[in-house]
Structure formats: C-alpha cells, structure tokens
Amino acid sequence: MKTDNITNGEVLIKTIGLHKSFGSNHVLKGIDEEILKGEKVVIIGPSGSGKSTFLRSLNLLEEPSAGEIWFDGECITDRKCNVDRVRTKMGMVFQHFNLFPHLTIRRNITLAPVKLGLMDEEAANANADRLLIRVGLLEKAESYPGQLSGGQKQRIAIVRSLAMNPKVMLFDEPTSALDPEMVGEVLDVMKELANEGMTMVVVTHEMGFAREVGTRILFMDEGIILEQNTPKEFFANPRQKRTIEFLSKVL
Amino acid sequence: MDFLKDIFKDIIDKLNTALIVEGRWKMLLGGLGNTLVIAFFALIIGVILGIIVAVIKVAASMNKKSKILAVLDFLSNIYINLIRGTPVVVQLMIMYYVILVSTTNSVLVAIISFGLNSGAYVAEIMRAGIQAVDKGQTEAGRSLGLSSLVTMKEIVLPQAIKNILPALANEFITLLKETSIAGYVAISDLTKAGDRIRYSTYDPFTALLIVAGIYLVLVLGLARLFSMLERRLRRSENR
Ligand SMILES: Nc1ncnc2c1ncn2[C@@H]1O[C@H](COP(=O)(O)OP(=O)(O)OP(=O)(O)O)[C@@H](O)[C@H]1O
Ligand SMILES: [Mg+2]
C-alpha cells in the first residue's frame with residue numbers, strides 16, 4: 001500500500017551539493033538528494049543536525065550558500081526563478097502553527113489564494129469550507145486562532161497550505177508543540193493526506209508515524225544525510241554507529 | 001460665609017485681570033493657535049518622516065544584500081542618533097540661528113524642527129512595533145507564496161499597529177508639550193503668552209495655572225482620542 005502511489009519514479013525535488021552556513025556555522029555540508037512524486041520522506045536526527053535548515057531550504061525560506069535545488073523540473077535556486085510562484089506549490093507546516101491571529105480561520109485559509117488571484121472570494125470560501133469539513137472544523141470558520149486548541153490550530157495550518165493545491169507538503173515537527181492528547185488528531189490528518197498520494201517531507205520525532213507512514217527515512221547528522229532506508233530496514237538494521245546511538249535514545 | 005465670598009471675589013478678580021483686562025485672552029488664544037499649528041504640522045512631518053525611515057530600516061534588515069538600502073539605513077541611523085542624542089531646545093535653536101537663519105517665519109522653523117525631532121522617535125516606535133511581530137508570521141506568509149510587500153501589508157502591519165499605537169500616542173503628547181519651548185526662538189506660543197500675562201499682571205500663579213490647565217485639557221483630549229482608537233482596533237480583531 002505504502003509505495004503504491006509513488007508515481008512511476010518521477011523526481012519532484014532534487015538537491016545538488018546543497019550547503020548552508022550561518023556566518024561561520026557550517027550547517028548543511030553538501031546534500032544530494034532526490035524526492036520522488038508521492039514519496040513520504042521522514043527526516044530524523046539529533047537536535048542541531050540541520051533538519052529544519054534542510055527542510056526550509058527546499059522552499060527557500062533559507063537561502064542556500066551553495067548548490068542547486070530543482071523543483072518540478074525547474075532550478076529554483078536560479079536567480080531568474082520567481083520564488084513566490086514556486087512557493088505556492090510547496091505547502092509548509094510549522095512547529096508553532098503560525099496562523100494569522102488577526103484574521104478569522106476562514107480568512108487565514110483564503111488570504112493567499114485570493115491575494116494571489118488564484119481564486120475569487122467566492123471560490124476560495126467554498127474551497128475553505130470543503131477543506132474545513134474534511135478536518136472536521138467547519139464550525140470554527142468564523143473563529144479566531146486564539147480561540148482554538150493547539151491541535152485544532154495545526155489542522156487549520158495544514159488546511160491553509162492545502163488551499164493552495166501544493167505539489168508537496170513540508171512539515172517541520174508539526175506535533176512537537178502540542179499537548180500529548182492532541183498529537184493524534186494532527187497525525188491522523190497527515191496520514192489521510194499521505195493516503196491520498198500527497199508528496200510529503202516530514203521532520204518529526206514521532207517514530208511511530210515514521211514507521212507507519214514513511215516510505216523512506218533520512219537520518220541527518222552534522223549537516224549530512226548519514227544514512228537512509230525504507231522504514232522497515234532502517235529501524236531493523238541501522239548501519240551507522242551514530243544512527244544506532246540515536247535510535248537507542250528515541251525508541 | 002463672608003470668608004468664602006471674599007475668596008470667590010478674589011478669584012474672579014484675578015481671572016479678570018489675567019484674561020479680560022486689556023484683552024489679554026486674545027494673547028492666550030493667539031498663543032494657543034500657534035501651539036496647535038506647530039504641533040499639528042510637526043506631527044504630520046514626523047509621521048511621514050517616521051514611516052519612511054522605519055520602512056528603510058525594516059527593509060534593510062530583511063534584505064541585507066542591497067547596497068542602496070545599506071546606505072539609506074546608515075543615513076537613517078545617523079539621523080536617529082543625532083536627534084535622540086541632543087536636546088530638542090538645542091535642535092530648535094540650531095535650526096533658527098544657524099540652518100534656517102535666513103527664514104523670517106519662525107513658526108515654520110519650529111514646525112520643521114519639531115517635525116524632524118518627532119520623525120526620529122516615530123521611526124523607532126514603528127520599527128520596534130514591526131519587528132516585535134513574530135518572525136513566524138512573515139515566514140508563513142512567504143511560504144504561501146505572498147510577496148514580501150503583501151505579507152507586510154496583510155499580515156505584519158495589522159499586528160504591528162497594536163504595538164505601535166500606544167507608544168505613538170505618547171509621542172504625540174510629548175510633542176505637544178515640547179512645543180512649549182518655542183518661546184526660545186521668539187514665537188508667541190501658549191507658554192510664551194502665559195509669560196507675557198505673568199509679567200504684565202505681576203500674578204504668576206493665575207497666569208501659569210491657566211496655561212497649565214489648557215495644556216492639560218489638550219493632552220487629556222488627545223489621550224482620550226487614542227484610547228478610543230485602540231479600543232476600536234481591539235474590538236475589530238483578536239477576540
Ligand atoms: N537563522 C539562523 N541563524 C543562525 N544559526 C542558525 C539559524 N537557524 C539555524 N541555525 C543553526 O543551524 C544549526 C542547525 O539548526 P536546525 O534548526 O536546522 O537543526 P535541527 O536539526 O532542526 O534541530 P532541532 O531538532 O533542534 O529542531 C544549529 O546549530 C542552529 O543553531
Ligand atoms: Mg528543527
């Protein structure tokens with residue numbers, strides 16, 4: 001079931017020799033990676049290993065210091081590339097939700113599609129309703145983010161990204177800021193999304209999710225992808241010493 | 001009872017001398033007019049200048065590669081430091097006796113001087129208000145494909161306003177009160193008019209009390225206006 005919806009090995013994202021430094025802090029040390037359409041790539045690794053930086057480089061929230069990133073057949077690190085247009089096709093979900101507190105839930109979802117001229121107000125509203133029904137939060141449409149629980153906020157944040165019809169969804173520890181009893185509802189939405197064939201790149205500490213939903217695990221350590229494998233292989237037979245060390249701590 | 005009557009009569013007498021005799025109220029009114037004109041136009045200059053400088057500083061901090069922005073940012077810093085690092089009286093006198101010495105319209109000199117002064121403070125208030133908005137808000141906007149301009153306008157500024165407004169109200173009130181030094185450059189503002197009445201009536205208490213009372217009413221009115229504005233803002237969002 002898991003690998004069924006990987007569409008015949010078509011590359012969606014490709015990084016070539018990706019480096020990133022913050023001042024003298026060399027965080028990403030040359031990452032060459034391909035992510036295929038329909039894959040659910042889960043990135044794990046110790047704190048400070050560069051997981052967030054790698055993920056945020058993919059939609060250029062962090063500007064790479066060197067190397068190339070290709071998305072959907074286009075070199076998006078090229079000077080001439082319109083980054084704003086590319087980002088509309090890459091959804092991103094943050095650890096701290098980052099909903100817009102001054103806008104209603106409905107407006108949070110419709111702001112970007114309307115402002116970018118992708119939909120008129122009416123179509124955007126209808127689309128928002130459809131998505132809200134899907135995550136069971138339609139009755140919150142006119143509420144403000146401050147009135148929602150953490151789990152509800154994160155489901156709305158996912159929906160806000162989905163309203164753009166992205167080709168890939170990037171998740172940076174989407175459940176790390178949640179109370180334990182709310183983790184499940186967010187993971188459920190993500191699983192559903194995975195089942196529908198969405199290409200996903202997920203940084204997470206939820207090993208259960210990685211095992212169940214992931215099609216491939218990347219283990220990052222000190223700015224490189226030290227080891228990768230299918231979840232089954234990865235958890236059963238980790239090869240690197242650092243991987244084994246890490247897994248012994250988190251499992 | 002007679003005692004109270006005497007006091008009452010005394011007060012009426014003093015007010016009469018300070019305000020009515022020789023048409024002194026006209027002097028006060030003229031002074032008040034100058035004070036309001038200076039404060040109002042200085043405010044407008046201050047706000048416009050403040051917005052421009054704040055935009056430069058915020059843009060420069062978001063876009064570290066632009067050389068033009070770096071130069072503008074540098075100039076903005078010099079401006080802000082010069083203004084905040086020197087007393088406003090000195091600035092006013094430099095403007096009057098040195099930079100604009102050829103200008104005969106001293107009210108205009110005061111407007112420009114107070115406007116330049118206020119601009120530096122308004123700029124810092126706005127910059128701080130904008131940068132106090134969580135960086136995640138900008139990241140969320142940009143990751144949805146919104147341009148930095150639209151993100152600023154639709155997401156950051158509406159939230160920054162709430163940080164900015166109370167400090168801005170303070171700045172306006174300070175500005176209004178600071179115009180009371182306009183007498184240093186031969187302007188008959190409210191304070192100066194009070195001075196003149198004080199000299200000619202030999203009754204400093206009444207003259208100063210009247211002047212203080214007028215400032216107080218102006219400031220309280222301004223504060224009231226702003227708290228109404230804030231309340232309306234709060235009601236329209238973030239329930
Ligand atoms: N904006 C930034 N400015 C300077 N240094 C940064 C910035 N973002 C990240 N870093 C540094 O880059 C390194 C990697 O950070 P990153 O957030 O990518 O790690 P991570 O693997 O996501 O860790 P965690 O599991 O704690 O989230 C850290 O040393 C961090 O201090
Ligand atoms: Mg991280």
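Hydrogens, waters and symmetry mates play no part in the numbers below; they use all other heavy atoms, side chains included. Here the structure is a predicted model, which means the values were calculated and not measured. So you know, we letter chains A, B, ... as the sequences are listed, proteins then strands, and number each from 1.
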### Heavy-atom pairs under 4.5 Å with chain B, option from Arg56(A), Arg85(A), Arg87(A) with the top count
Arg87(A)
### Message
If you count heavy-atom pairs within less than 4.5 Å of chain B, which of Val93(A), Leu170(A), Val86(A), Leu111(A) leads?
### Response
Leu111(A)
Which atoms of [X] come close to chain B, meaning under 4.5 Å heavy atom to heavy atom: side chain ones, backbone ones, both, or neither?
X         : result
Leu99(A)  : backbone
Arg160(A) : both
Glu63(A)  : side chain
Phe94(A)  : side chain

### Task
Among Val150(B), Thr151(B), Asp134(B), Leu144(B), single out the residue with the greatest number of heavy-atom pairs under 4.5 Å to chain A.
Leu144(B)
## Note on the structure
Most contact-rich option vs chain A, by heavy-atom pairs under 4.5 angstrom, among Ser147(B), Ser148(B), Gly141(B), Gly145(B), is Gly145(B)
### Query
Any side-chain heavy atom of Tyr215(B) sitting closer than 4.5 Å to one from Thr35(B)?
yes
### Task
Determine whether Leu116(A) and Met164(A) make a side-chain contact, defined as any pair of heavy atoms from C-beta on separated by less than 4.5 Å.
yes
### Task
Sort out for me which residue in Lys14(A), Lys89(A), Lys37(A) forms a salt bridge (Lys or Arg N to Asp or Glu O under 4.0 Å) with Asp72(A).
Lys37(A)
### Query
So, are Glu124(B) and Arg127(B) salt-bridged, with charged N and O less than 4.0 Å apart?
yes
### Message
Less than 6.0 angstrom separating the ring centers of Phe172(B) and Phe226(B), yes or no?
### Response
yes
### Message
How about CD on Glu122(A), more than 12 heavy atoms from neighbouring residues, nucleotides or ligands closer than 6.0 Å, or not?
### Response
no
